[in-house]
Amino acid sequence: MIDLAQLRREPEFVKTALARRGVDFSTMDEIIALDVEHRRLLQEAEGLRAEVKEFSRQVGEARKNKESAKADELAAKSRNLGDHEKLATQQLDAVAEELREKLLLIPNLPAPDVPDGQDENDNVETRRWWVGMDEGATFPTYAEYQRVPHWDIGIELGILDLESGAKLAGSMFPLYRGAGARLVRALGFYALNSHIADYEEIRPPSFALTETMMSTGHLPKSVDDMYAIERDDLWAIPTAEVPLTSMNRGEILDEEQLPVRLTAQTACFRREAGAAGRDTRGLLRVHEFDKVELFAYCTPDQADAAHADILARAEALLQVLGLTYRVLDLCTGDLGTSSARTVDLEVYSPGVDRWLEVSSVSWFRDFQARRANVRYRTAAGTTAFVHTVNGSALAWARIWAALVETYRQPDGSVKLPDVLAPYMGDQLVITKKAS
RNA sequence: GGAGGGAUGACAGAGCGGCCGAAUGUACCGGUCUUGAAAACCGGCGUGGGCUUGCCCACCGUGGGUUCAAAUCCCACUCCCUCCGCCA
């Protein structure tokens, strides 16, 4: 949620910033008008209420003094005023609700240094990394035997069974088997272990209340991308960001506690309604995947460092897995609703010859904290909204694809990076027989 | 799924229709005392909103209702605790 007080204080600044991401001035003008109306009605209703309260007090006094005629008279006056108050409050509530609904749909202000752009094509690539780059190696060339898509490798080695997944839950619900299943488990285990010295490990519920989904900004805007369990008013979480951001909902933290750093691996559920028919093959885009998320509540001063740390951790994992990747600075047109700034990491997957998004590291300023009402007490004793920062490290379905394609051997087997040995039962080579 | 009990400020815990935004204690902050500290004593000490900045309004799990007036009465829901049933 944007700061209404700021909109009131510097409307032109806010409007200009939001225009960069496609919110037109008229929308903001409507909100400003509603705000003025809201405050007018608020004053009216509160004034009436104050009068009612005063009369009520006098009724009580009269009753105590056994002046029952006077008390009845005052009560009648108060009742009359109360009717007016009720009416004014109804109008007030209606305007407040309209204002709230409009406000919930307004995205966050982009940070000043976010590049302008329409869509993902305007994202700015800031750098690339590949094995041996620091030693002067040129961008890797990939052999013919690495140019096989992971869905073919999966079938060949018996480690990915999309047909069974489709049979059970429909298309785009992958089913891994044998060494393929173990690989998913290994990646999550390895990644979590690399974070838990600095981030508290959380295992949250996989479903969340509507209120929880509102806090992160996934609702109301992205309803169609969420799986709903209507009977119980629950939603399947699209990312661990949802439960983690709401862990301290409605609370006031001590400044010394910050930054609060959390990590969790969860299944992530996405309907991908807007992307129907796109990237339907293999693991490029799936309805359910496992992801390790890193998250922090922090002060505004700590936000930069927190963001940098999460990005560094995601990159470190990619590097240790030996995957080629690039770093993108998301443009205003591709920024998520709640984000002020986002950096994406995309791995290069040679079999499909595509860059695949595997991490998104975002800084939300106080946008989510305002919705979730998470504050902290400053040293001066005042309260302020925390900043939230989060990022994936990493999303495993696409990593899985990039790994099997990158590490496919001339004989068709796949030889996984050494770091995974402890988690793969020392079985790093996946062959047809072994799986 | 059934029966009962509960939800009040950072915490503990009163209040059960009329200056109650809420006693009291603890914690916390400031002061007196002290070489210093502790103790003792004095004062302060919830969150948010509006505007004429001093006042007003809201908030006692959540949402409705009754009343001139609700933390207090009524209804529904949520969560926690105890017991019974079922169960991985």
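Throughout, protein chains are lettered first and strands after them, A, B, ... in sequence-line order, and every chain is numbered starting at 1.
Between the side chain of A/Asn108 and the backbone N or O of A/Ser338, at least one donor-acceptor pair lies under 3.5 Å. For A/Thr89 (side chain) and A/Glu85 (main-chain N/O), a donor-acceptor pair under 3.5 Å exists by modelled atom type. The backbone N or O of A/Glu67 sits nowhere less than 3.5 Å from a side-chain atom of A/Asn65 that would complete a donor-acceptor pair.
Of the nucleotides present, none pairs with B/rA27 by Watson-Crick or G-U wobble criteria with both distances under 3.5 Å. Nucleotide B/rG85 is matched to nothing when pairs are restricted to Watson-Crick or G-U wobble geometry with both distances under 3.5 angstrom. Searching all strands for a Watson-Crick or G-U wobble partner of B/rA70 with both distances below 3.5 Å returns nothing. Across all strands shown, B/rG9 remains unpaired; no Watson-Crick or G-U wobble contact has both distances below 3.5 Å. When Watson-Crick and G-U wobble pairs are counted only if both distances are under 3.5 Å, B/rU62 pairs with B/rA76. With both pairing distances under 3.5 Å, B/rG21 is matched to nothing as a Watson-Crick or G-U wobble pair.
OP1 or OP2 of B/rC28 has not a single side-chain nitrogen or oxygen of A/Arg377 nearer than 4.0 Å. One finds no side-chain N or O of A/Thr383 lying less than 4.0 angstrom from the OP1 or OP2 phosphate oxygen of B/rU47. OP1 and OP2 of B/rG49 both lie 4.0 Å or more from every side-chain N or O belonging to A/Arg39.
The number of heavy-atom neighbours closer than 6.0 Å to CG of A/Asp304, taken from other residues, nucleotides and ligands shown, is 12 or below.
Across B/rA69 and B/rG65, the matching P atoms stand 13 Å from one another, rounded to whole Å. B/rG63 and B/rG9 are spaced 16 Å apart, taking the P atom of each and rounding to whole Å. Taking the C1' atoms as reference points, B/rC57 lies 39 Å from B/rG4, given to the whole Å. The gap from the C1' atom of B/rG18 to that of B/rU72 amounts to 11 Å, rounded to the nearest Å.
Comparing B/rC56, B/rA69, B/rG18 by their closest approach to the side chain of A/Ala50 singles out B/rC56.
Listed by residue number, A/Arg8 are the residues of residues 2-13 of chain A with a heavy-atom contact under 4.0 Å to RNA chain B.
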